[in-house]
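Below is one structure, written out as structure tokens; the observations come after it.
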Amino acid sequence: MGFPRHDQTLATISEGPGEPAGPAPLFVLRVATGKDAGKSRVLDWNVAPRVLVGQSRLCELAVGDPRVSRRHLAIAPAGHGVRVTDLGSTNGTRVNGLRIVEALLTGGEAIDIGDSSIKLVRAGSLPERTGATRGAFGRVLGTSAEMERLFALAERLAPSPLPLLVEGETGTGKELLAEAIHEMGPRAGGPLVVHDCSAYAGDDALVALFGGTLAGVLEQAHGGTLVLDEVGDLPDAAQARLATFVERGILQRFAATPPVRVDVRIIATTRRDLERLVQDGAFREELLYRLVGARLELPPLRERRGDVEVLARHFWSLFGAPGALPRTFALTLAQYDWPGNVRELEHAIARRVALGDELSGALQPRSGGGASSGRRAGTDFLDGILEMNLAMPHARQRVIDEFEQRYVERAIAEHGGNVSRAAAASGLTRRYFHMLRSKSKKQGQDPK
């Protein structure tokens with residue numbers, strides 16, 4: 001499946017193996033013994049792509065057992081079975097008496113957590129999805145079953161005013177999904193403001209959110225959407241005031257101004273387990289409850305192994321590489337776990353295109369050709385880096401910085417100096433593209 005060179009996406013496409021023939025089974029979780037015996041939850045993956053089990057009332061199956069962790073385990077589809085994953089619980093998870101970290105189940109097993117036992121029961125077949133395959137949600141693409149389920153849920157949530165929590169590992173595309181939800185909802189004509197919660201501490205975090213003499217990001221997003229990127233990094237004082245604001249919608253700046261009502265939808269993103277942070281006293285429980293009108297989770301790339309080659313071909317074309325993606329390179333990419341997910345894969349392809357190496361980044365390199373002719377100071381630049389005798393991480397970062405500067409310069413030039421169009425065509429979020437451009441300016445490479 002090919003993509004245009006400047007397709008405006010951060011692709012998350014899957015060509016995973018086909019599922020077994022016949023309709024997928026419908027499973028039910030039923031608490032067999034323990035405080036909540038008799039409680040049950042139907043596992044309809046078309047409604048909830050992943051089910052959390054734990055003490056927290058935000059879990060899809062809340063179990064009031066004091067020996068169960070707040071967010072104890074997760075259950076997700078795996079072909080015609082289910083994958084059970086212990087989420088670092090205090091007292092562990094056992095399946096048929098055997099302690100597990102992760103297990104694939106087919107029905108009939110007993111899952112023991114704390115003093116409770118939960119049966120996984122097969123109960124007929126899942127209703128088949130109707131209608132055409134979406135293949136995309138806004139600028140996020142995907143044809144895998146995991147992404148189709150995510151798109152269906154995002155599509156239902158986009159028109160809602162509910163605050164959302166978007167979870168996922170670094171590099172999975174959380175911010176891009178948040179942007180797509182804004183663009184597909186009724187607030188698309190309003191502002192979209194992205195706030196990096198990790199960039200501010202103490203009073204600076206409060207002023208950035210609520211404003212001082214000038215409006216903070218909450219006021220700036222009035223009538224639109226505020227994306228709180230990495231909300232788990234907010235300091236405690238900012239969490240407390242934000243919880244009050246989410247409940248009441250009334251904002252008071254730190255300057256001597258009257259309180260104002262602000263109409264804003266909040267989408268928070270996090271790479272961290274907020275339930276664990278609550279348990280550790282590092283995140284306010286009342287804020288978590290108010291932010292989770294609904295939650296969406298982007299699966300890591302390693303759980304969609306079929307994505308890798310298709311994504312690689314997409315980025316190969318996007319970065320203007322000549323010819324097809326080399327087969328040996330594609331096979332090597334498919335064997336890597338991608339801890340940095342789609343972003344790491346994108347950077348690996350970018351380095352391969354810029355430098356002509358057979359492998360890229362954290363992958364063990366093989367011998368390969370030099371940088372393609374016609375690129376500014378390609379081989380000379382690499383020789384210069386090597387002659388510095390830097391440690392590998394520092395040398396690699398120099399190469400990445402150089403590529404990013406060249407890419408931003410080229411993208412802006414190809415779009416006649418229009419930075420917004422260049423950002424969209426790059427497949428990056430607007431904020432990230434502007435960050436790269438600002439970095440280029442600081443390093444004396446201002447592409448205008």
Pair Arg71 + Glu297, salt bridge at N-O below 4.0 Å: no

Backbone N/O of Asp65 and side chain of Gln55: donor-acceptor pair under 3.5 Å: yes

Side chain to side chain, Ile111 and Leu105, heavy atoms closer than 4.5 Å: yes

Student check: side-chain heavy atoms of Leu301 and Tyr336 closer than 4.5 Å: no

Geometric class of the Tyr407/Phe319 ring pair [parallel <30°, tilted 30-60°, perpendicular >60°]: perpendicular

Minimum heavy-atom distance between Arg302 and Asp337, given as atom pair plus value: CB-O, 3.5 Å

Test item: Arg122 side-chain N/O and Gly108 main-chain N/O as donor-acceptor pair under 3.5 Å: no

Beyond-backbone contact of His72 with Asp86, side-chain heavy atoms, under 4.5 angstrom: yes

Polar side-chain atom of Lys35 near backbone of Pro66 as donor-acceptor pair, under 3.5 Å: no

Glu219 (side chain) donor-acceptor with Ala215 (main chain) under 3.5 angstrom: no

Nearest atoms (heavy-atom pairs only) where Pro300 meets Thr172: CA-CG2, 4.1 Å

Donor-acceptor contact present, side-chain Asp263 to main-chain His222, <3.5 Å: no

Rounded distance (nearest 0.5 Å) linking atom CG of Leu98 with atom CG of Asp112: 11.0 Å

Parallel, tilted or perpendicular: rings of Phe210 and Phe245 (30°, 60°): perpendicular

For Gly223 against Pro191, the heavy-atom pair lying closest together: C-CD, 4.1 Å

Tyr289 OH: over 12 foreign heavy atoms closer than 6.0 Å: yes

N/O donor-acceptor pair under 3.5 Å between Glu60 side chain and Leu52 backbone: yes

Leu218 side, atom CG; Leu242 side, atom CG - distance, nearest 0.5 Å: 6.5 Å

Glu344 side chain reached by Pro339 side chain, heavy atoms, under 4.5 Å: yes

Leu291 CG to Phe283 CZ distance, which is reported to the nearest 0.5 Å: 5.5 Å

Minimum heavy-atom distance Asn91-Arg67, with the two atoms named: ND2-O, 2.8 Å

Full working for salt bridge (charged side-chain N to carboxylate O under 4.0 Å, His left out) between Arg70 and Glu285: CA-CA 11 Å; Arg70 290 180 57 89; Glu285 185 173 39; 3.0 Å; yes

Distance, nearest 0.5 Å, that separates CZ of Arg83 from CZ of Arg50: 10.5 Å

For Arg41 against Leu61, the heavy-atom pair lying closest together: CB-CD1, 4.2 Å

Phe137 side chain near Leu176 side chain, heavy-atom distance below 4.5 Å: no

Note, Arg265 side chain near Ser160 side chain (heavy atom, < 4.5 Å): yes

Euclidean distance, Leu120 CG relative to Arg30 CZ, rounded to 0.5 Å: 10.5 Å

Nearest heavy atoms of Ala37 and Ala32, plus distance in Å: CB-O, 3.8 Å

Any Ser89 side-chain heavy atom under 4.5 Å of Ile113 side chain: no

Single hit among His195, Arg271, Arg272 for side-chain hydrogen bond (donor to acceptor under 3.5 Å, both in side chains) with Glu230: Arg271

Residue of the set Thr269, Leu209, Ile267 for which side-chain contact (heavy atoms from CB on, under 4.5 Å) holds with Leu228: Leu209

Crowding at CG, Asp236 (>12 non-hydrogen neighbours, <6.0 Å): yes

Whether Arg276 side chain and Leu87 backbone form a donor-acceptor pair below 3.5 Å: yes

Any side-chain heavy-atom pair of Val42 and Val47 under 4.5 Å: no

Backbone N/O of Ala268 and side chain of Lys174: donor-acceptor pair under 3.5 Å: no

